[in-house]
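As structure tokens, the structure follows; a few thoughts come after it.
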Amino acid sequence: MTVEERIVAAVKEAIGEMAGQTIDTDQIVLQKTRKEFEGDLTLVVFPFAKRLGRPPGPLAEAIGQAVAGRVREVVFYNVAGGFLNLSLQPAYWLSFLETNAGNESYGYRPAPEKEQKPVVVEFSSPNTNKPLHLGHIRNNLLGFSVTRILEAAGHSVVKVNLVNDRGIHICKSMLAWMKYGKGETPGSTGKKGDKLVGDYYVKFESLLHEQVRRLIDSEGFSEEEARNRAPLMVEARELLRRWEAGDPEVTGIWKMMNAWVYEGFDATYRKMGITFDKIYYESDTYLLGRDIVRQGLSEGRLEKKDDGSVWADLSLWKLDEKLLLRADGTSVYMTQDIGTAQLRYDDFHPERMIYVVGNEQNYHFDVLKKVLTVLGKPYAGMICHLSYGMVELPEGKMKSREGKVVDADDLMDEMVETARRTTEELGKIQDLGQDETDSLNHMIGLGALKYFILKVDPKKNMLFNPSESIDFNGHTGPFIQYTHARIRSIMRSAGTERLAAPFPRLGERILNEKELSLLKNLHSFEGAVVEAAREFSPALIANYVYELCREYNQFYHEYSVLNEPDRSLSDFRLQLSRLTGLTIGNGMKLLGIGVPEKM
RNA sequence: GGCCCCGUAGUUCAACGGAUAGAAUAGAAGUUUCCUAAACUUUAGAUACAGGUUCGAUUCCUGUCGGGGCUACCA
């Protein structure tokens, strides 16, 4: 049990004895004491004052006395208004540092038992006719980081990707390539496969748009009708029909073009540093949902309309009916999601299934959960939509169809290029070889980008302005990486022998303000990890690490580590720096960001 | 129209209902004989508006204004 937990327990006990009533643990608010007050931890007493009908001041006093008597580490307390400030004995902080200074996995819970049920996290989920853009970057980084955070919090995790590789939209890019491609390939054009296919999708849409406009003008059709009647659309539907019928020519082209796309995606994932444990393809799974729906129909859980379409009645939750099978028996998006959920459940028997999907699909996931409930599926309650906000451009939402996107590859390349220029300008690392320099610049460039995105609360929309490049100074990834490099530099100078020496005895020496606040900061890393796992929020880690670095840089500026003449004090600061470095590294690892030895 | 989300310094982001709303950046002024100045210090600057709930509201409720999303036999 941590000290915080023991204090909370003591408070609970004390109040129980004083008032004869029990208080919920989560009603006991213990926060860090603000800098302007004396103490380490602060208990907010107001809520209890009200319940016990006693004035806050004296009550705080009484609780303080009780806690000091029960928790050994609490050596002093003071009351300010309705706040009870508790001070821990300095030796507590020192022993904390002593036990953790060399702990490479500080902040991480031990790996889970084999029999523990995993959490399945789906993220990325690309569409094979759209190259990845900034919106996908947020999805990928979030999803990947959340899996690392869950692992650090002691969960077993499976990372899955669901590739949307079939449907009418895929036929569109195929059709455009068949009609106008003249046999182009990634090899013949030197283009990345996903980009090449994406270009044909855009080409289809723009040609279709022309046809639609002409039909509206000449025949007076409505937009919808014109879209339906446009020759290109008719051909695309015919292509889909042939695909579903297994036409060898069509599936051959489909396989070939998909292979191009996957090669392109792989390159992008590699650059981003993202990996998966399992990749699902909708073309493999889309029929499964249909069977489940038919089964549900035969069990009387669903309704069939006169035209043959199948619906789920969600009026119990004040939602509309939801279509699950069209009149012609084909499936819709929701039908597929039912199938993939089932498959995932069968494959992993998870405790939870998390979907990292944008908040534009909030309604969809609400409905999915309800539909699975109607179907009586045991995993209906396991579905958890990790809903994140859009990345907006200054002119609004990104739209693939209109080509208004920030391309993922381009953006990453620009970041690396900026890193390269900055590294050269500063000229601090001449001793590295070309390969090392390249990988350093990659680390810094990607670090800046990833941090920029992950520091924002996932739930919130965020803005990206392409004309203002992402910063490398201030509240940024490179700032954190730089702090790490500084610390590593000290570690190298100190040498392994000194680091391995017994922990210094400081005697009666009082830690200075910076040392103490650094220690407290380090101490709260574990809590930050647990909180981030509970909230699915890498932003909490990002902001924690930043705060830690700011704290360290102030300390570094004000006090010397290796040049401190008092040897034991110098050793203490060395260990303090060491744990700071480890914590920065471990924190950044949870964000999928590397930290350098030098920069 | 109905439903949901969001309005915090010029800008981008913080703040379990808790003490004087934090940072960064842009602006102004400084710090290099000292372990990496991608750093540090000082300075100025914000809760859209109007009510309510409470010991206490950026946070919860209501209304107004502003922005975004969803509301497909698209995915």
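Lettering follows sequence order; numbering is per chain, from 1.
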Measuring from the side chain of A:S309 (C-beta onward, heavy atoms only), which nucleotide among B:rG18, B:rC73, B:rG68 has the closest atom? B:rC73
So what does A:Y363 hit on the nucleic acid, given a heavy-atom distance under 4.0 Å: a base, only sugar-phosphate, or nothing? sugar-phosphate
Taking only N and O in the side chain of A:R550, is any of them less than 4.0 Å away from OP1 or OP2 of B:rG22? no
Name the residue closer to the 5' end of RNA chain B, choosing between A:I444 and A:A327 according to the nucleotide with the nearest heavy atom. A:I444
Answer with base, sugar-phosphate or nothing: what part of the nucleic acid does A:L325 contact at a heavy-atom distance below 4.0 Å? nothing
Kindly indicate whether the side chain of A:T483 and the base of B:rA39 share any N or O donor-acceptor pair separated by less than 3.5 Å? no
Angle class for the A:F365/A:H385 ring planes (parallel below 30°, perpendicular above 60°, tilted otherwise)? parallel
Sugar-phosphate, base or nothing in reach of A:T423, heavy atoms under 4.0 Å: base
Answer with yes or no whether A:N362 presents, from its side chain, a donor or acceptor under 3.5 Å of a partner atom in the base of B:rC5. no
Whole-Å distance between B:rU12 C1' and A:N461 CG? 14 Å
Looking for any heavy atom pair under 4.0 Å, which part of the strands does A:S577 touch: base, sugar-phosphate only, or nothing? nothing
B:rC65: pairing nucleotide in any strand, Watson-Crick or G-U under 3.5 angstrom: B:rG7
Aromatic ring proximity, centroids under 6.0 angstrom, A:F46 and A:F83: yes
Expressed as a whole number of angstroms, how long is the span from A:F452:CZ to B:rA24:P? 17 Å
List the atom of A:N161, the atom of A:F123, and the distance in Å for their closest heavy-atom pair. OD1-O, 3.4 Å
Presence of A:Q554 side-chain N/O under 4.0 Å of B:rU41 phosphate oxygens OP1/OP2: yes
Out of B:rG18, B:rA75, B:rC35, which has the shortest distance to the side chain of A:V561? B:rC35
For A:P56, report the nucleic acid contact type (base, sugar-phosphate, nothing); a contact means any heavy atom under 4.0 Å. nothing
Side-chain atoms of A:S560 come closest, of B:rC35, B:rA75, B:rA39, to B:rC35
Between B:rA9 and B:rA14, how many Å separate the two C1' atoms, rounded to a whole number? 13 Å
Which part of the nucleic acid, if any, lies within reach of A:F479 when heavy atoms closer than 4.0 Å are counted: base, sugar-phosphate only, or nothing? sugar-phosphate
For the pair A:Y546 and A:H475, name the ring-plane relationship: parallel under 30°, tilted 30 to 60°, perpendicular over 60°. parallel
Pair partner, B:rC13 [Watson-Crick or wobble, under 3.5 Å]: B:rG22
Take the protein atom CG of A:D366 and the nucleotide atom P of B:rG2, then report the distance between them rounded to whole Å. 20 Å
Look at all strands and tell whether A:N85 reaches a base, only sugar-phosphate, or nothing, counting heavy atoms closer than 4.0 Å. base
Out of B:rC35, B:rC73, B:rG18, which nucleotide sits closest to the side chain of A:V44? B:rG18
Tightest non-hydrogen contact, residues A:G445 and A:A419, listed as N-CB, 3.7 Å
For a 4.5 angstrom cut-off between non-hydrogen side-chain atoms, does A:K32 reach A:D40? no
Closest to the A:H475 side chain, choosing from B:rA14, B:rA19, B:rA24: B:rA24
Between A:N473 and B:rA39, is there a side-chain N or O to OP1/OP2 distance below 4.0 Å? yes
Remember a base hit wins even if backbone is also touched, and classify A:Y556 as base, sugar-phosphate or nothing at under 4.0 Å, heavy atoms. base
To the nearest angstrom, how far is A:F48 atom CZ from B:rU54 atom P? 20 Å
Considering non-hydrogen atoms only, spot the tightest contact between A:P466 and A:L393 and give its length. CG-CD2, 4.1 Å
According to a cutoff of under 5.5 Å between the ring centres and under 30° between the ring planes, does A:F46 stack with the base of B:rG18? yes
What closest approach, in Å, do A:S87 and A:G39 show between heavy atoms, and which atom pair accounts for it? OG-CA, 3.4 Å
Which is it for A:R486 and A:N553 under the side-chain contact (heavy atoms from CB on, under 4.5 Å) test, yes or no, and what are the steps along the way? CA-CA 9 Å; A:R486 266 185 158 176; A:N553 277 310; 2.6 Å; yes
Using a 4.0 Å heavy-atom cut-off, does A:V332 contact any base of the nucleic acid, only the sugar-phosphate backbone, or nothing at all? sugar-phosphate
To the nearest angstrom, the NZ-C1' distance between A:K514 and B:rC40 comes to 11 Å
Roughly, in whole Å, what's the span from CD in A:E547 to P in B:rA15? 12 Å
Which of the following nucleotides, B:rA37, B:rG69, B:rA19, is nearest to the side chain of A:A80? B:rA19
5'-most by nearest nucleotide on RNA chain B - A:K459 or A:M390: A:K459
On the nucleotide B:rC55, are OP1 or OP2 found under 4.0 Å from the side-chain N or O atoms that A:K50 carries? yes
For A:L562, answer base if it contacts any base atom (sugar-phosphate contacts may also be present), sugar-phosphate if it contacts only those atoms, and nothing otherwise; contact means non-hydrogen atoms under 4.0 Å. base
Pick base, sugar-phosphate or nothing for A:M462, based on heavy-atom distances below 4.0 Å to the nucleic acid. sugar-phosphate
Think A:K35 has a side-chain N or O under 4.0 angstrom from the OP1 or OP2 of B:rG22? no
Heavy atoms under 4.0 Å, any strand shown: does A:N543 hit a base, just sugar-phosphate, or nothing? nothing
Length of the line joining A:E558:CD and B:rU31:C1', which is rounded to integer Å: 13 Å
Please measure how far the C1' atom in B:rC13 lies from the corresponding atom in B:rG7, and state the result in whole Å. 14 Å
Checking all strands, does A:V456 fall into the base, sugar-phosphate, or nothing category for heavy-atom contacts under 4.0 angstrom? sugar-phosphate
Between B:rA39, B:rC34, B:rA24, which nucleotide has the shortest distance from any of its atoms to the side chain of A:N563? B:rC34
Could you check whether A:D307 gets within reach of a base, just the sugar-phosphate, or nothing at all, counting any heavy atom under 4.0 Å? base
Would one find a side-chain N or O of A:S489 under 4.0 angstrom from OP1 or OP2 of B:rU36? yes
Tell me the interatomic distance from A:N359, atom CG, to B:rC6, atom P, rounded to whole angstroms. 10 Å
